[in-house]
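Input: a single structure, listed below in structure tokens.
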There are 2 protein chains.
Amino acid sequence: MSISAAETPVKQIQAVARELAQSTGFLLARLGFAFKAQAIANAEDAGFEVYDYSVLAILGEGARATQSTIAQALSLDPSRLVALLDSLEQRELIARQRDPLDRRRHVVSITAAGDRELRRLRGMVQALEEDFFAPLGADERAVLHELLTRLAARHDPSCCPLSEPD
Amino acid sequence: MSISAAETPVKQIQAVARELAQSTGFLLARLGFAFKAQAIANAEDAGFEVYDYSVLAILGEGARATQSTIAQALSLDPSRLVALLDSLEQRELIARQRDPLDRRRHVVSITAAGDRELRRLRGMVQALEEDFFAPLGADERAVLHELLTRLAARHDPSCCPLSEPD
DNA sequence: TATTGTTATACTCTATAACTATA
DNA sequence: TATAGTTATAGAGTATAACAATA
């Protein structure tokens, strides 16, 4: 009998996969990644990149902000934001204008077209959500959401504000 | 009254965060990322990198495999695997030897020390799992696992073999 | 000629550091 | 001198292509 290496690779892989599938954390990581990947793919099919949504969502709430504010809100380096805004501005989804009070500042605002696109993106996310969690019933989805919210409160407090103003 | 940009950045951010926290998919992505990040941090603290675990786990099941087999199993480019194995070999956690039957092949096998480290890594993952899901009760964890498994069967079948041999 | 493992090259992405204009 | 936005530089990480040895 030989050393014969590539003996049963498939079984090895299956065994490891089975082991990992036992881990709730691993499932969480894989599914989270799958959801994100799908969201990115959908957005790119529609001609957007990931951060476009973030920028538009921030502006959608408050209508205008300086670049440094946006960068801070998205934990993004100001230099990275430039290209993002260039692209959005070129498509006329946002507008930049100098702040007359401090001509160093650019005041960024969302346009009517930008608002439309934001709504479209929100619809896309909602549709994805609907599709992704379709294997679960409404009540099961509610349970899942509640459990995840409790975990997020511990592990990712920044994303889940505990205080619910007004 | 002025254009005054940076008016209420905090409220904007909170509003967006609140919107995102409504999305189960977003929570899934954030928590999955948090779990992975924590696992990576723990592994690196112990002197490992992420793929070390994967390689050792594969070898732990079947004891030996060729490099191309491992690369295939991990969906890794063979050229990337080289550095990983170099590192593991240097620490004497795996061993490479030429296959006498086909001298192009390297037969990779796990050492006794490698097996010990693998067990240690498994323990670390288990401890992280325990800690990460501590906010939930045992029954709630079981429910979460079941729901995630159902979702994975749809969205990530490769990671969750439906057939349960023996 | 094809394949295994390896090394070298090129490319992308991002973080850092300079730079311009305003204050 | 300090700050907002921009541009240029450099570094890490990775994918692709070339390579040497075997078959």
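Order of the sequence lines fixes the chain letters, A, B, ..., with proteins taken first and strands second; residue numbering starts at 1 for each chain. No hydrogens, no waters, no symmetry mates; every other heavy atom, side chains included, goes into these values. Model, not experiment: these values are computed from the prediction.
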Next on the checklist: Using 30° and 60° as the class boundaries, would you call the ring planes of A:His155 and B:Phe132 parallel, tilted or perpendicular?
Outcome noted: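 Rings of A:His155 and B:Phe132: parallel, under 30°.
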
Checklist entry - Is it the case that more than 12 heavy atoms not belonging to B:Glu49 sit under 6.0 Å from its CD atom? => result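 More than 12 heavy atoms, drawn from other residues, nucleotides or ligands, come within 6.0 Å of this atom.
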
Nucleotide [N], atom [atom2] - distance to [atom1] of [X] in whole Å:
X        : N      : atom1 : atom2 : result
A:Ile94  : D:dG5  : CD1   : P     : 12 Å
A:Gln67  : D:dT6  : CD    : C1'   : 9 Å
A:Leu84  : D:dG5  : CG    : C1'   : 14 Å
A:Arg98  : C:dA23 : CZ    : P     : 9 Å
B:Tyr51  : D:dT14 : OH    : C1'   : 11 Å
A:Asp77  : C:dA18 : CG    : P     : 15 Å
B:Asp99  : D:dT22 : CG    : C1'   : 12 Å
B:His106 : C:dT3  : NE2   : C1'   : 14 Å

Item to check | Under 4.0 angstrom between B:Arg96 side-chain N/O and C:dT6 OP1 or OP2 | outcome: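 Indeed, a polar side-chain atom of B:Arg96 lies that close.
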
Next on the checklist: Looking at D:dG5, I'd like to know if its phosphate oxygens (OP1 or OP2) sit under 4.0 Å from a side-chain N or O belonging to A:Ser68.
Outcome noted: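 Looking at the OP1 and OP2 atoms of D:dG5, one of them is under 4.0 Å from a side-chain N or O of A:Ser68.
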
Checklist entry - If you pin A:Asp86 and A:Arg104 to their nearest nucleotides in DNA chain D, which one's is more 5'? => result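 Upstream on the strand: A:Arg104.
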
Next on the checklist: Any base atoms under 4.0 Å from A:Asp102, or only sugar-phosphate, or nothing? Heavy atoms, all strands.
Outcome noted: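 Result for A:Asp102 = sugar-phosphate.
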
Checklist entry - Which is true for A:Ser79 with a 4.0 Å heavy-atom rule: it touches a base, it touches only sugar-phosphate, or it touches nothing? => result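 Counting heavy atoms under 4.0 Å across all strands, the contact made by A:Ser79 includes a base.
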
Item to check | With A:Ser87, the side chain to side chain donor-acceptor pair (under 3.5 Å) member among A:Gln90, A:Glu89, A:Arg91 | outcome: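 Single side chain to side chain donor-acceptor pair (under 3.5 Å) partner of A:Ser87 among A:Gln90, A:Glu89, A:Arg91: A:Arg91.
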
Checklist entry - Which residue lies toward the 5' end of DNA chain C, A:Arg103 or B:Leu85, if each is placed at its nearest nucleotide? => result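 So the residue in question is B:Leu85.
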
Checklist entry - With no angle test and no hydrogens, is the base of C:dT14 tied to the side chain of A:Arg80 by a donor-acceptor pair under 3.5 Å? => result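 Such a pair does not exist between side chain and base.
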
Checklist entry - Do you know the tightest heavy-atom contact between B:Gly25 and A:Glu129? => result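 The pair with the smallest heavy-atom distance is N-OE2, 3.3 Å.
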
Item to check | Residues A:Asp99, A:Arg64: salt bridge by 4.0 Å N-O rule | outcome: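 Between A:Arg64 and A:Asp99 there is no salt bridge, as every charged N stays at least 4.0 Å from the carboxylate O atoms.
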
